[in-house]
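Some notes on the structure that comes next.
Just so it is clear, the values below take in all heavy atoms, side chains as well, and ignore hydrogens, waters and symmetry mates.
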There are 2 protein chains.
Amino acid sequence: MNEKILELLEAKKYSEIGALLKDMNPADAAVMLEELPEQKMPIVFRLLSKELAADTFAYMDGDAQEILVRGFSDKELDEVMEQLFLDDTVDMLEEMPANVVKRVLRHVDADTRKMINQVLNYPKDSAGSIMTMEYVDLKRSMTVEQAFERIRATGVEKETIYTCYVTDSRRKLEGIVTVKDLLLSPKSEVIRNIMETNVKFVSTHTDQELVARELSKYDFLAIPVVDAEERLVGIVTVDDALDVIQEEATEDIEKMAAITPTDRPYMKTSVFETWKKRIPWLLFLMISATFTSGIISSFEDALAASVILTSFIPMLMDTGGNAGSQSSTTVIRGLSLGEIRYGDVLKIVTKESFVSLMCGATLAVANFAKLMLIDRVSLLVAAVVCLTLVVVVLVSNIVGCTLPVLAKRVGFDPAVMASPLITTIVDAVALIIYFNIAKLLLGI
Amino acid sequence: MNEKILELLEAKKYSEIGALLKDMNPADAAVMLEELPEQKMPIVFRLLSKELAADTFAYMDGDAQEILVRGFSDKELDEVMEQLFLDDTVDMLEEMPANVVKRVLRHVDADTRKMINQVLNYPKDSAGSIMTMEYVDLKRSMTVEQAFERIRATGVEKETIYTCYVTDSRRKLEGIVTVKDLLLSPKSEVIRNIMETNVKFVSTHTDQELVARELSKYDFLAIPVVDAEERLVGIVTVDDALDVIQEEATEDIEKMAAITPTDRPYMKTSVFETWKKRIPWLLFLMISATFTSGIISSFEDALAASVILTSFIPMLMDTGGNAGSQSSTTVIRGLSLGEIRYGDVLKIVTKESFVSLMCGATLAVANFAKLMLIDRVSLLVAAVVCLTLVVVVLVSNIVGCTLPVLAKRVGFDPAVMASPLITTIVDAVALIIYFNIAKLLLGI
């Protein structure tokens, strides 16, 4: 596709490009444009029909949008801004430098500017920051026919028309009514009688992850957002919830691998940015790991007496780390999906203790067989290694499952307590257990 | 809430419970019922109004549904089955033992039974297995008014009415039209003129993850599913896509922590099941890790000559593992979101090389300072440790970023190539690098 467009562009066959683009889906057109060379992209963008251009613009990433906006004439900027939904405009502005933001804000009408500023002022990742103010509002005294008239009159500019919000004169949310309800009711029916009054809503400061979870739990197409006075100020639509869930999962996964999260896709992050995201954790974990050197040094005599003990250190540390990351990962994901609460901590520790004793025993048996039959070490050394294994797995699992819960309790993100940090803690603990058991059993 | 209900139940105040439940949201009612003691739950379920009962049933988990179905009279089963959407029925049947499935299938009409069997036959996690067949279909020759009549006549039983599908006499998908389009068009307009003909669809065998990604990419409320002859057989709705995205993220996270994934939430998995999900990987990784013992043993002489070298083993192994898991995690997530493709492998390796050299250098400088100023080791030992650090981080990052891409290429799940496996590989590599650099620089 892109080669063909570049060829046609070379040959200046603009109308053929236009014909090619005419029936494209805006999401596809956005991907295609982003993959074009930077100086060709604005040319091809101008060949899109007016409506497709605005829709496509909304789907493009921040970098591409910035290139386009910088090149837009005032008239072009007006046209795109007019078509854009409010939440897409805000998304775009959040990623742009201040001078571009100023220029864009000059090109929207006063009402829109006020709304944009309001949304931009909500904390990052709150319901207020991802909501749109473009919804259909109805009054309880309207008939179904009047409701349809209102939808027809204002619907074009609304992000979703399928759930309508019934508010009183002070904008307090009284109920919701879906287009399905309206279609299935007689035209003369009054909204008051068909609206659902048990409305689920979130507040402007609710975390976006929780908003997405509510939408998903109740299978809604949109959820209303209210301010501190319970007045309706906007809605969050399901397509944004989908994005939030993807983003939050990526963020969790990155944190769990000791990476500072970012919104930018990997292929678009520079080497320097990637370094910046990874080095703090690497440094911190490396420095923490140097404590293990101290532990080993302090047991130097024991190690010198039985050199073979050294060779099992990596296996014991790795297994402890693996067991710890299994339990911490399970608990972190459970917390982030809302399946696990602080009150469950005792139940979790009990369960993890049993699981880890079973795991530890299985591993010890397998290792004992290998040590005696293949490595042919002495019975006492095998006993030291296998006993350590059981204790290390038990301790690792308990550390792994409690730390995330405690982190959440004191307001930290549990995802930070994942494998790398657990591994570092578990390593130190494993060494201490190992050497003490060795001293005890081998008498060194 | 639950305490109050149990109290009222004790006092046999059934009508008060009914009043309490009347306005509950079905998703909330489902959670409440699941938390009741097993023998009380069916009693409270029977106090729900008929419509709320069916909706609530759809939101409950497999275990609770099974308890209810086993206790249902034939009449109750009929009532619930009649109200349930097809995809919810299939979800339920997938988790039930064969004898319950048989009984349920006896209680639905022949058409529904045929459809259920069809959906049950699609491969797990395919579009076919999560789709519903309850959609509104229109003909291209209909007017807007006729379309609304059809929606009113059939809409109650359809999962979504907001996107309608235009099919020809052989059920081939010709276009889609939204209720918004219909509402904003004159009543006499013909569907042919307002339908969108550039329709995005998936096939019955498309993986559910890809289906969810398409829905999210195009911001659809539903996506049509076609069979091999391009005939429309069903739709996947956005609420199911939300569930799929959550599920798939959990699955990825579990695999990345070396846990065999499961659909069941943590708090409902038994100790034995949890053990079964974790022990294969623990065993496999432990056995892989025992190779490191061999490596250490073979360098025993070098270690005996310079005992201090032992104390840096854990730090070097940990740092390698952390660096490797950072790059593997980034790449795995990129692959799973479709941001990274096989063709990018060279670009990725180049980038990771630069990032890891920068990270390695930073860590080496920090460590060198610590070794010289705090630990006061000899310059040569410090050089060995820091040089090893740079090489290990470089190798770890390259291993970490290539293995997931290669795994995907040969058809494995890249998530399996995450931290634990990478750590084990990197540990062995780190030791070999360390001892060889030590031999070279220290001449031992």
Side-chain angles (χ1 to χ4, degrees), chain A residues 23 27 151-152 161-162 179-180 183 198 216-219 238-239 242 245 249-250 253 257-259 265-266 271 274-275 278-279 282-283 285-286 289-290 292-293 296-297 300 307 310-312 314-315 317-319 322 325-326 329-330 333-334 339 351 354-355 358-359 362-363 366 419-420 427, chain B residues 23 27 151-152 161-162 179-180 183 198 216-219 238-239 242 245 249-250 253 257-259 265-266 271 274-275 278-279 282-283 285-286 289-290 292-293 296-297 300 307 310-312 314-315 317-319 322 325-326 329-330 333-334 339 351 354-355 358-359 362-363 366 419-420 427:
Chain A
D23 284 328
I151 293 173
R152 286 203 181 90
I161 61 163
Y162 299 131
V179 165
K180 188 171 180 177
L183 278 174
N198 178 17
S216 160
K217 177 177 172 192
Y218 297 114
D219 292 345
V238 67
D239 54 310
L242 270 168
I245 286 181
T250 305
I253 290 174
I259 304 171
Y266 175 71
V271 168
T274 309
W275 172 81
R278 296 186 186 174
I279 194 68
L282 280 180
L283 255 178
L285 292 170
M286 184 187 75
T290 54
T292 55
S293 310
I296 292 184
S297 301
E300 219 167 76
V307 183
T310 311
S311 68
F312 301 114
M315 185 273 291
M317 280 177 24
D318 276 356
T319 305
N322 291 335
S325 70
Q326 285 184 338
T329 302
T330 310
R333 187 64 184 159
E339 289 169 2
K351 183 168 158 186
F354 282 112
V355 172
M358 283 171 65
C359 285
T362 319
L363 295 175
S419 348
D427 282 353
Chain B
D23 284 330
I151 293 173
R152 285 201 182 91
I161 61 162
Y162 299 131
V179 165
K180 187 170 180 177
L183 278 175
N198 177 19
S216 160
K217 177 177 172 192
Y218 297 116
D219 292 345
V238 68
D239 54 312
L242 270 168
I245 286 180
T250 305
I253 290 175
I259 304 172
Y266 176 72
V271 168
T274 309
W275 172 80
R278 297 188 186 172
I279 193 70
L282 281 180
L283 255 178
L285 292 169
M286 183 188 75
T290 54
T292 54
S293 309
I296 293 185
S297 300
E300 218 167 80
V307 183
T310 311
S311 69
F312 301 113
M315 185 273 291
M317 281 177 25
D318 275 356
T319 305
N322 291 335
S325 71
Q326 283 184 338
T329 301
T330 311
R333 187 64 185 162
E339 289 169 3
K351 183 168 158 186
F354 281 112
V355 172
M358 283 170 65
C359 285
T362 318
L363 295 176
S419 353
D427 282 353

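Atoms CG and CG, from A/N322 and B/L285 in turn, are 4.5 Å apart once rounded to the nearest 0.5 Å. Rounded to the nearest 0.5 angstrom, B/L242 CG and A/K217 NZ are separated by 14.5 Å. Put simply, CD1 on B/I253 and OG1 on A/T330 are 10.5 Å apart, with the number rounded to the nearest 0.5 Å. Between the CZ atom in A/R278 and the OG1 atom in B/T362 there is a gap of 12.5 Å [rounded to 0.5 Å].
Panel note: side chain B/N198, backbone A/D23; a donor-acceptor pair is recorded below 3.5 Å.
Only the side chain of B/V238 comes within contact range of chain A, with heavy atoms under 4.5 Å apart. Contact annotation for A/I161: only side-chain heavy atoms (C-beta onward) come within less than 4.5 Å of a heavy atom of chain B. Heavy-atom distances place the side chain of B/R333, and not its backbone, under 4.5 Å from chain A. Both the backbone and the side chain of B/M358 come within contact range of chain A, each with at least one heavy atom under 4.5 Å from a heavy atom of that chain. Heavy atoms of A/M317 lying under 4.5 Å from chain B belong exclusively to its side chain. With a threshold of 4.5 angstrom between heavy atoms, B/D427 approaches chain A through side-chain atoms but not through N, CA, C or O.
Your options are B/D318, B/L283, B/T319, and the one with the most heavy-atom pairs under 4.5 Å with chain A is B/D318. When the candidates B/T274, B/D239, B/D219, B/I245 are compared by the number of heavy-atom contacts under 4.5 Å with chain A, B/D219 comes out ahead. The candidate with the highest count of non-hydrogen atom pairs below 4.5 Å against chain A, out of B/M286, B/R152, B/E339, B/M315, is B/M286.
Of all the heavy atoms in B/Y218 and A/A27, the pair that sits closest is CD2-CB, 3.4 Å. The two atoms that bring B/I296 and A/P314 nearest to each other are CD1-CG, 3.4 Å, heavy atoms only. Smallest separation of non-hydrogen atoms from B/V271 and A/F354: CG1-CB, 3.8 Å.
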